[in-house]
Amino acid sequence: MFEPSASNPAASPSVHRPGRRSLLLGGAAAGASLLLPSSPASGAPALVRSGRPAVTNGIQSGDVSASNAVVWTRADRPARMFVEVSPTETFRRVRRVAGPVLDERTDFTGKTLLRGLPAGEDVFYRVVVADLDDERLAGAPEYGRLRTAPIGSADIRFLWSADLAGQGWGIDPARGGYRIFNAMRRLAPDFFICSGDLIYADGVLPAEKPLSDGTVWRNLVTPEKSKVAETLAEYRGNYRYNLLDENLRRFNAEVPQINSWDDHEVTNNWYPGEVLDDTRYTEKRVDVLAARARRAFHEYLPTSTSRDDEGRVYRVIRYGELLDVFVVDMRSYKDANTAGLETVSDGGVFGRRQLEWLKRELKASRATWKVLAADLPISLVVPDGAAIEAIAQGDPGTPLGRELEIAELLADAKRNRVTGMLWVTGDVHYTAAHHYDPSRAKFTDFDPFWEFVSGPLNAAVGVEPRPNPVDPTFGPEVVFAKGAPSADVGNPAFGYQYFGEVAIDGDTRQLTVRLRDIEGTVLHTVELPPAE
């Protein structure tokens, strides 16, 4: 929704984290496919079956728990997926887990659920794809690593960001591609949260973009990125485009993911029931586009919820005694974009079913820290023409419109003594730290909390000092904000790209947030003690 201002994809098996290499696999690992409903793939590439199958777009892991993990890959032809799991990077001892058949129905993608993994340990794995008629005919393995969640109290480090290949800024190989993923990978996080806009399905990439310093940004361009996505094949092609980047593929092989989505996975500022007034689209019914986009999202990412009754995105991922991550979906159940002045909630951003789920799960959580991974910030005003796209609408009074759901959630959390609640999000293409306090607010029935914003990964950047207006309804204080100094340099060519880091100390339970730039340089730090 942001509007800007006037080689070898395998990870090397030799990379490791010192002191955390050993694991005891104990117990049998079981495989289970996580596939969406089958139907013929639109626009599937022509295949020539000769030689051995090969992995085409790297490997990924995601939604890792203390004992389970989802592993993803894609093949160049119909093949069977296998994942081999080892207690060490030497792969001297291996457990082989059979995954699904990869074929045209899912664009040759597939996911395997690993079970029975040891808690709080590094797990080394490799993925092979084999001929359907002869499993001995297998391609070269792709190597990966993941770290399972702890059961008790342990150090935890995760990263988050959003917004990849937006506003025409795609992969320029001569400039290092998506180089922010190198800085993130060097921090060796336990996992990465993508807060949405992992693709820009509505974002056409030009071959060249002139820069203010006289040079030219030269994008890799594919057919699917040369028009807005409407068909299932075009949505799939947007995910394949990002996987052309070597930095991202290496990051994916080494860092598990937790993925949410926002608007650009479908189209800019969308909401259910919308009919587009956009001449670029032949299919103008957003519900039709969203169904295709949702399928591609689950096909191309290591999510664990693709077989849910509605293919839902919201879920909770538990990381031992110290952390629960609540992935919230502020897009799928959203009401129409209006002026946001309704006095009675009509769907908001959560929808009743998700809101009740979130209140119930927060109340039941015993984790020290409850991180809400959101795709929209609470108090930043984001317009959609004359309407409001996000939550806040700029009215300084009591909650109205979508703010009513936020007020209900915050009041319920206070009433049930939910402590350690922290929000992380992206969407607005800069990085910021917001502190909310009822002493500054019009609505006061809540306990103080923090919200941190970070992004983009590779897109245009908002201009300082404050790219978006701030609504005072919930008493936010902008403690820190950084975008780009001017629109001329507000893009990845000049390095103004951001991600956030959260580190929890296993002994003291203190949580530290660091906002970092494209090189990994720390821009701002907030240290938070646990609730007493």
Notebook entry, point to check: For the residue pair W72 and Y300, does the interplanar ring angle fall in the parallel (under 30°), tilted (30 to 60°) or perpendicular (over 60°) class?
Noted result: tilted
Check: Between L457 and Q497, is any pair of side-chain heavy atoms under 4.5 Å apart?
Finding: no
Checklist line | Check: L380 and V470 side chains under 4.5 Å, non-hydrogen atoms | finding: yes
Item checked: Whether R249 side chain and L244 backbone form a donor-acceptor pair below 3.5 Å -> yes
Item checked: L232 to E299 - nearest heavy-atom pair and separation -> CD1-OE1, 4.4 Å
Checklist line | Ring geometry between Y200 and H429 (parallel below 30°, tilted from 30 to 60°, perpendicular above 60°) | finding: perpendicular
Next item on the list: State, with a plain yes or no, whether a side-chain heavy atom of M330 is found less than 4.5 Å away from one of F350.
Entry: yes
Check: Going by heavy atoms in the side chains, are C194 and Q257 under 4.5 Å from each other?
Finding: no
Next item on the list: List the atom of R509, the atom of W369, and the distance in Å for their closest heavy-atom pair.
Entry: O-NE1, 2.9 Å
Next item on the list: Could you label the plane-to-plane angle of the Y436 and F449 rings as parallel, tilted or perpendicular, counting under 30° as parallel and over 60° as perpendicular?
Entry: parallel
Item checked: Pairing residues for D324 by the salt bridge (Lys or Arg N to Asp or Glu O under 4.0 Å) criterion, not counting sequence neighbours -> R318
Item checked: Stepwise ring-ring contact (aromatic ring centres under 6.0 Å, His included) test for Y319 and F158 -> CA-CA 11 Å; Y319 267 76; F158 71 86; 8.2 Å; no
Next item on the list: Pick out which of T56, T222, D107 makes a side-chain contact (heavy atoms from CB on, under 4.5 Å) with R240.
Entry: D107
Notebook entry, point to check: Where do P492 and N458 come nearest, in terms of heavy atoms and distance?
Noted result: CB-OD1, 3.6 Å
Notebook entry, point to check: Is the shortest distance from a Lys or Arg side-chain nitrogen in R352 or E408 to a carboxylate oxygen in the other one below 4.0 Å?
Noted result: yes
Checklist line | ring pair (Phe, Tyr, Trp, His ring centres under 6.0 Å), paired with F192, selected from F499, W160, F251 | finding: F251
Notebook entry, point to check: Can a salt bridge be assigned to the pair E464 and K482 using a cut-off of 4.0 Å between side-chain N and carboxylate O?
Noted result: yes
